Structure formats: structure tokens, C-alpha cells
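Only one structure is covered here, and it is reproduced in the block below.
A, B, ... follow the sequence lines: proteins, then strands. Residue 1 opens every chain. Since we're looking at a predicted model, the values are computed, not measured.
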Protein chains: 2
Amino acid sequence: MRLSTKGRYAVTAMLDLALNGQDGPVTLSDISENQGISLSYLEQLFAALRAKNLVRGVRGPGGGYFLGREADEISIANIICAVDEWVEFTRCQGREDCRGGQRCMTHNLWDDLSRQIYEFIEEISLADLVSRGQGSNHGCHKEKPAGIQDDLSEQAA
Amino acid sequence: MRLSTKGRYAVTAMLDLALNGQDGPVTLSDISENQGISLSYLEQLFAALRAKNLVRGVRGPGGGYFLGREADEISIANIICAVDEWVEFTRCQGREDCRGGQRCMTHNLWDDLSRQIYEFIEEISLADLVSRGQGSNHGCHKEKPAGIQDDLSEQAA
DNA sequence: TAAATCCCTAGTGTTTTACTAAGTATATAA
DNA sequence: TTATATACTTAGTAAAACACTAGGGATTTA
């Protein structure tokens, strides 16, 4: 599982699409302007999204992009996997030379964790994110998630 | 939130430490050999982990690394944030020019998602992973998480 | 004193990221 | 029919990140 800025760009763009695609297609120019992502980069991202049928393009003036299917049938995992190719991490593919299973144990544990995280974002759909946004404040205030900088280092030092 | 191979290396190394650090410190050479990570790269990762007091180094022969605190008090989020520096994504920091709040809405939604994922891996401790490994099979068989390649593209095309 | 370990800094090839540029294809509208 | 607006495609590129090599120093044990 990989979760980098590239995936964020894709999720953000798809969100924009879900929010603004109610009445007619949304152009990449719009998304580019709305989200501050370069047009050509968006085109690359959407090439990947299109390949997975997550979006549908309409050419010509008045064209743009629609979601490829209903927003409640597109998971965050779908989006991220489309642009951020899933990479296998473990290298010991069935080999026996893994130090008495020790090495493979940590690898299996990582696989478990990786799968857990995947299943977690698999459960969150675009529609979830949209409906979540309905009731909350849409202002520009930002609050850092609590506990991100757990500076135990200061205390312990 | 960023979740790349670098973070995986760190989590894997910490898992190795949790598993093998019961009786005496674990050397980076051991981890390097166990997990197939270059020694010098491990040293860089551990410099970051040390800075956050997630590990404690013991110098000299017979030395190595201990966990900086109990395994149940180290979350996956702690580890990943230590090596994979949290990066802010949104660029509209309180600015008003965000197209009638539209842009900020998607950004806020992303922030929410990001926080959710963070809180999720915040809840998983090293001890959780270790205890999870106790009962299961430690063999080298690998099974791909179900539903990762959701090739709706084939069906829909 | 020698060796094993942590610790630190600098450099490096490769890949990824995010972008620019320059087109082609297709549908709409004048 | 022609111009335009869009999707689509390919190639190139600067900067960053990744994962590593190299070469040391500092500290502790034997």
C-alpha cells in the first residue's frame, strides 16, 4: 500500500468531480483551477483513472469528465490504487532461507497491517466523503489532527 | 499522511526489534540481514527513530538497539511519522480566494480522510502486530489481499 | 589495545513527482 | 465549413525522494 501526494491529488480531483459533476461534465481546466493542480498532470492522473473506469471523458466543447460510476461505488482505495500502483513489499516469495521463519514473520505481519489499511480505505467511498462534508463547516480554518506531533522526545529527553 | 516504502522499512525494522529484543539489544547488522535492508540505510532510519525516542541505542560490543518504550506504547503512526515526515497537503491556508469555498471543501474533506487514516494506524501498536503473529501461521505463503485488483475495467469494457 | 557496535556526513545512481510543451482527435457552434 | 473547446497522447525535464555506498568518528566491551 502506498499513500503519497500523487494519490491525494487523485482523491482530491475525484472529490471535486463528485461535488461539481451533478449538472454536466467537469473540465480538467476547472479542476486544475479549483485544486491548484497543473492541467497536464491532471491529464496523466485521469488517464490512469480512465483506464480503471473510475471516470468517463466527454470530448468537444461542453465536454469534460463524469464519474465512471456512482460515488458510493468508488472507494478511496480504488482511486489510490489506480494512480499509485500497488507494490509488493516482501521479497521472500516462498523462499525457505528466511532465518527460521523470523524474517517472514515480520513480513507477514507487515502484510497483515498493509491489508488492514487497505480494507479500511476500501470501506470509505467518495459518497461518504461528500455526505460528510454536507453538515460540517466548509470554511478555510484548519486544525491539525490531535497527537500528530507526539513530542515525547522533549519529555523523555 | 504518507505511507511509502520508507515507512515500511521502518515498521518492519521495528517489528524485528520487538520480536528479537526480548533478551538483549538487537544489532542493525542483524536487522539488515533479517530484513534485507542495507545497513547504512537502516542507520539513517534509526537516526530518525532515535530522535523521536522510539528506539534506544547501546554502543560497544554486545550493543545494539532496544525499543524506546514498551511495544504497546508505540503506534504504527509513531513510526511512520518519525521517518516519513508528515506533509501538509492543502495550500489554501485560510485564504479567501478559494472559489466560493468549493476548493476548501474538497481540501477539508481530504483533511478529514487523512485524519481518519492517521487515527486508524495510531490505534495499532507494535504489540498488536506481535500478538497477532503469535497464533497465525508464520510460513512463507503469501496471499494477495482480496479485491485489490478490482478489474471492473475488464467487465465494463 | 583491539574489536564491535552505534553514530555521523557526504556523495550517488535510480525512480518518482509534478510539471512544460507540443501535439492529435473529436464534438460543438458560428 | 471553419474555428474552438475540450479530451487524449507523447516526450522531455527539474527537483525531490529513495535506497544505497563510502568513509569516517565515538563509545564500550574484552
Does a side-chain N or O from [X] land closer than 4.0 Å to OP1 or OP2 of [N], or not?
X        : N       : value
Ser4(B)  : dC18(D) : yes
Ser40(B) : dA22(D) : no
Tyr41(A) : dT20(C) : no
Ser29(B) : dA4(C)  : no

TODO: Classify the ring geometry between Phe46(B) and Tyr65(B) as parallel (under 30°), tilted (30 to 60°) or perpendicular (over 60°).
DONE: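 Judged by the thresholds at 30° and 60°, the geometry between Phe46(B) and Tyr65(B) is tilted.
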Assess the side chains of [X] and [Y]: does a donor N or O sit below 3.5 Å from an acceptor N or O?
X         : Y         : result
Gln35(A)  : Thr12(A)  : no
Asp111(B) : Ser114(B) : no
Asn20(B)  : Asp16(B)  : yes

Open item on the list: Quick check: on DNA chain C, is the nucleotide nearest Leu39(A) upstream (toward 5') of the one nearest Gly62(A), or the reverse? Name the residue that is more 5'.
Closed with: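 Its nearest nucleotide being more 5', the pick is Leu39(A).
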Task: First of Val83(A) and Arg59(B) reached from the 5' end of DNA chain C, by closest nucleotide - done: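 First, find each residue's nearest nucleotide; the 5'-ward one identifies Arg59(B).
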Identify which nucleotide among [options] has an atom closest to any side-chain atom of [X], counting heavy atoms from C-beta outward.
X        : options                  : result
Lys6(A)  : dT6(D), dC8(C), dT17(C)  : dT17(C)
Tyr65(A) : dA19(D), dC8(D), dT28(C) : dC8(D)
Thr5(A)  : dT17(C), dT4(D), dA19(D) : dT17(C)
Pro61(B) : dC6(C), dC20(D), dT28(D) : dT28(D)

Interatomic distance where [atom1] belongs to [X] and [atom2] belongs to [N] [whole Å]:
X        : N       : atom1 : atom2 : result
Leu45(A) : dA7(D)  : CG    : P     : 14 Å
Glu43(B) : dA10(C) : CD    : C1'   : 14 Å
Leu28(B) : dA19(D) : CG    : C1'   : 15 Å
Gln35(B) : dC20(D) : CD    : P     : 13 Å
Gln44(B) : dA17(D) : CD    : C1'   : 12 Å
Phe66(B) : dT28(D) : CZ    : P     : 14 Å
Asp30(A) : dA5(D)  : CG    : P     : 13 Å
Phe46(B) : dC8(C)  : CZ    : P     : 14 Å

Open item on the list: I'd like to know if the side chain of Ser32(B) and the backbone of Leu28(B) have a donor-acceptor N/O pair within less than 3.5 Å.
Closed with: no
